[in-house]
Amino acid sequence: MNAQRLLQRFVCYAQVDTTAVPNAGRYPSSEGQFELGRILAAELRELRLADVEQDEHGIVWGTLPSNVAHKVDPFALCAHLDTSPETTGKNVKPQVWREYAGGDLTLPGDKSRVIRVADNPELTRCRGKTIVTTDGTTLLGADDKAGLAVIVEAIAYLVEHPEIEHGPVRLCFTCDEEIGHGVDHVDPKKLAAVCCYTLDGAGRDEIDVETFSADLAIVTVRGVNIHPSIGKGRMVNAVRGAAMFVERLPRDRLSPETTDGRDGFVHPYTIEGGVAETTVHVLLRDFDAARLRDQERLLRETAAAVERDLAGLAIEVQVTTQYRNMAEGMPKEPRAAAYAELAHQNLGRTPKLSIIRGGTDGSRLTEIGVPTPNLSTGEQNPHSPLEWCCLEDLAAAAEVLVELAKVWAQGGRPT
Ligand SMILES: [Zn+2]
């Protein structure tokens, strides 16, 4: 793998501000996503890929055509162009720490920001390697620009090594994943692959085969507003009703603060409004979609109890589906995860099948019929100014993709 070129690609992509903007009223939600998409489309054209296109939604497509005579089922590789709005992605100044000597990394743009070994045990295996961080004032955007760089470098490697046999590989770079709209404009027919892999996972050698199942509940509390001077016996305060509602949700269990592993949660995360009407947004999450119905029942029972205790108040609970656990759709294409495991094993590495307490573009893709496990890219501490990645981990992720292309061409026979 050409690690220096991989680094150049990553640093180039990281410097384009592609922060997703919630409720922007347009797609993609920021101009920078178009700009980065243009850079990527140009790079794919330079590699002489087929079907290269940046569509009207900003999504970048391309195909590495098969170089073998026999028929090989196409798989797709996917990464997202946008970065999280949780930390600014403007003026990202990637810092490259070559031959990392070990120890804590104090970020030069804001010395209060320190990447500590104590919080990042992964750093200990990166001594002598190349680390990339921010200067402390922005995020790095390795989520998911590491994924983009890994895919493009792996494809470049395959183009430069025609002796490596591979089938068709479809590429799809999506927009606005971080605000839940990564797959809004991805047509599975256009993707035209039996399965897909998102390159959007932290760390090294992990294959995520399960995500949460997710619903959103919007709880609308309606009261009666009137001037407080004449409120006696007439005012019904929706703020008070919403506070009672939130107070009665479980805290010692079923909350993000008290759960991990396979346990789900009910998470009230915004509250806004006034005396007449207050709205609470609540995330419902569990690996078992059936349990989301129990969570919904809990919200409805809590709402009914608050209505009983605060006369005149009306509470409406509206639940919409967000995404489903990708494990439900994986059996449709068992080769998706199996070949990813085999690719790691062929490289002498031990893959770890894991679960994500969240969703990926793959949750939605799997739901619409394209089983999509998620692979590690090398990123660490996503969405944070303390984000970092190790160049050797990025290269290791690109090696997996090259091996994966071989495995698909060989129909899964061990090499
Ligand atoms: Zn991501």
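Fair warning: this is a prediction, and the values are worked out from it, not measured in the lab. For ligands, and for the atoms within them, numbers begin at 1 and follow the listed sequence.
- The only member of D288, D286, D215 that meets side chain to side chain donor-acceptor pair (under 3.5 Å) when paired with R293 is D215.
- Any protein N/O/S atom under 2.8 Å from the Zn ion (ligand 1) was counted, giving 4 altogether.
- Under the ring pair (Phe, Tyr, Trp, His ring centres under 6.0 Å) criterion, the residue pairs touching residues 52-74 are H57-H185, with sequence neighbours excluded.
- Under the ring pair (Phe, Tyr, Trp, His ring centres under 6.0 Å) criterion, no residue pair touches residues 368-402, with sequence neighbours excluded.
- Evaluation of the ring pair (Phe, Tyr, Trp, His ring centres under 6.0 Å) test over residues 84-139, restricted to residues two or more places apart or in two chains, returns none.
- Aromatic ring orientation, H267 versus F265: perpendicular (interplanar angle above 60°, classes split at 30° and 60°).
- Note on R349 versus E403: no salt bridge recorded, every NZ/NE/NH1/NH2 to OD/OE distance being 4.0 Å or above.
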